[in-house]
Number of protein chains: 2
Amino acid sequence: MEISKAEFDVLNAIWESFPCSANEIVNRLDNEKNWHEKTVKTLLGRLVKKGAIAFEKDKRRYLYHPLLEKEAYQLTESKSLLDRLFGGRISPLVANFAQQQKLKQDDIDELKKLISDWEKQND
Amino acid sequence: MEISKAEFDVLNAIWESFPCSANEIVNRLDNEKNWHEKTVKTLLGRLVKKGAIAFEKDKRRYLYHPLLEKEAYQLTESKSLLDRLFGGRISPLVANFAQQQKLKQDDIDELKKLISDWEKQND
DNA sequence: TTTATTTGATTACAAGTGTAATCATTAATT
DNA sequence: AATTAATGATTACACTTGTAATCAAATAAA
């Protein structure tokens, strides 16, 4: 399922909290984007058509909710990026960031914790 | 500069080794993709137009080379993914992979090395 | 109940994309 | 020198995307 950039922004707004009405979504996006309400509605329609979200009628309003979960999307997107750009391995990406001085102490701490957890589990 | 999927595949073939002729690129892609020679030529043209690659004439052949370096592209793409999906932090992505049992001992070893290098540098 | 309003559905339209085919130029061959 | 062959440039065309405006249906208001 291909989600376009604009569609993603809408989907992302839905992930924030759902179910939610179109208006709610328009409001959430109003901070970030400068989209006409009609534009958001169009994108909602396209997301429904693609099966990324669904809705239930509540009187004349539709209440939308994701079918595609954020975690699943994160996983396939990051896997796709790693495959395309880093031969499917995660460490080259981290190395890239390290090289560019994009790693902070916090990141290092979290990575260390992840590693020790992993080692506990895989012992 | 927006690089489309198909354009990326061509650019990626060029990164393998350059400068190289259109035919060379067609051959490299022939293993992976099933593209007509004309299709590859079109994509080369679009990449040139976008400023992602350039060429020099060698008789009637053009020899192409990237203007956009792989490392730069890797960095902006992965930064964009992290920003969109993980709040700009790298550890949630690693955590995601860990959770899905996508981390192997090799990855862990490399991550540990990256961390110790980072710590040496930032002491 | 008629009218006004809200909201999703349909339509619009230009730019980008995937996927080539044809045109034109230039180099190689006869 | 004329013809052929190779290769980039131009054109093609349907589908997607960004960005809405208009249409239609249903509900709320008068």
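First the proteins, then the strands, lettered A, B, ... as listed; each starts at 1. Just so you know, these numbers come straight off a predicted model, no measurement behind them.
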*Asks:* Classify A:K33 by what it touches in the nucleic acid, base, sugar-phosphate, or nothing, heavy-atom distance under 4.0 Å.
*Replies:* nothing

*Asks:* Whole Å only: how far is the CG atom of B:L29 from the C1' atom of C:dT19?
*Replies:* 14 Å

*Asks:* Heavy atoms, side chains only, cut-off 4.5 Å: are A:S91 and B:K113 in contact?
*Replies:*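 Counting from C-beta outward, A:S91 and B:K113 never come under 4.5 Å.
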
*Asks:* Please examine the side chains of B:I115 and A:V94, heavy atoms only from C-beta on, and report whether any two atoms are closer than 4.5 Å.
*Replies:* no

*Asks:* Between C:dT7, D:dG8, C:dG18, which one does the side chain of A:R61 approach most closely?
*Replies:* C:dT7

*Asks:* Take the protein atom CZ of B:F8 and the nucleotide atom C1' of C:dG18, then report the distance between them rounded to whole Å.
*Replies:*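 Nearest whole value for this atom pair: 17 Å.
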
*Asks:* Could you check whether any side-chain heavy atom of B:R28 comes within less than 4.5 Å of a side-chain heavy atom of B:S17, counting everything from C-beta outward?
*Replies:* yes

*Asks:* Could you check how far CD of B:E2 sits from C1' of D:dG18, rounded to whole Å?
*Replies:*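 From B:E2 CD to D:dG18 C1': 12 Å.
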
*Asks:* Whole-Å distance between D:dG8 C1' and B:N23 CG?
*Replies:*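 So the two atoms are 12 Å apart, to the nearest Å.
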
*Asks:* Send over the distance from B:E24 CD to D:dA6 P, rounded to a whole Å.
*Replies:*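 Rounded to the whole Å, the gap is 18 Å.
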
*Asks:* Evaluate the side chain to side chain donor-acceptor pair (under 3.5 Å) criterion for residues B:D109 and B:Q105: first the C-alpha distance (whole Å), next the side-chain angles of each, then the deciding distance (0.1 Å), finally the verdict.
*Replies:* CA-CA 6 Å; B:D109 292 345; B:Q105 184 65 53; 3.0 Å; yes

*Asks:* Provide, to the nearest angstrom, the distance between the NZ atom belonging to A:K49 and the C1' atom belonging to D:dT17.
*Replies:*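 One finds 12 Å between C1' of D:dT17 and NZ of A:K49, rounded.
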
*Asks:* If you only use heavy atoms from C-beta on, which nucleotide in D:dG8, D:dG18, C:dG8 is closest to the side chain of A:A6?
*Replies:*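 The nucleotide sitting nearest to the side chain is D:dG18.
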
*Asks:* Is the closest side-chain heavy-atom distance between B:K50 and B:E7 below 4.5 Å?
*Replies:* yes

*Asks:* Relative to the 5' end of DNA chain C, which residue comes earlier, A:E37 or B:S4, by the nucleotide with the nearest heavy atom?
*Replies:*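 Closest to the 5' end, via its nearest nucleotide, is A:E37.
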
*Asks:* Quick one: which protein N/O atoms are closer than 3.5 Å to N/O atoms of nucleotides 20-26 of chain D? Pair and distance per line, please.
*Replies:*
residue	atom	partner	partner atom	Å
D:dA20	O5'	A:T39	OG1	2.8
D:dA20	N7	A:T42	OG1	3.0
D:dA20	N6	A:T42	OG1	2.6
D:dA21	OP2	A:H36	NE2	3.3
D:dT22	O4	A:K38	NZ	2.9

*Asks:* Flag the pair B:L85 / A:S78 as yes when at least one side-chain heavy-atom distance between them is below 4.5 Å, and no otherwise.
*Replies:* no

*Asks:* Round to the nearest Å and state the distance from B:L47 atom CG to C:dG16 atom C1'.
*Replies:*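 Taking CG of B:L47 and C1' of C:dG16, I get 14 Å after rounding.
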
*Asks:* Once you apply a heavy-atom cut-off of 4.0 Å, does B:K50 come out as touching a base, just sugar-phosphate, or nothing?
*Replies:*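 If one applies the 4.0 Å heavy-atom cut-off, B:K50 turns out to touch the sugar-phosphate alone, with no base involved.
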
*Asks:* Are B:E16 and B:N12 close enough that a side-chain donor and a side-chain acceptor fall under 3.5 Å?
*Replies:*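 No, no side-chain donor-acceptor pair sits under 3.5 Å.
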
*Asks:* To the side chain of B:L43, which of C:dT19, D:dG18, C:dT17 is closest?
*Replies:*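 The closest nucleotide is C:dT19.
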
*Asks:* Starting at CG of B:D9 and ending at C1' of C:dT19, how long is that distance when rounded to a whole Å?
*Replies:*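 So the CG-C1' distance, B:D9 to C:dT19, works out to 14 Å.
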
*Asks:* Which comes earlier along DNA chain D counting from the 5' end, the contact point of B:A22 or that of A:E7, where each point is its nearest nucleotide?
*Replies:* B:A22

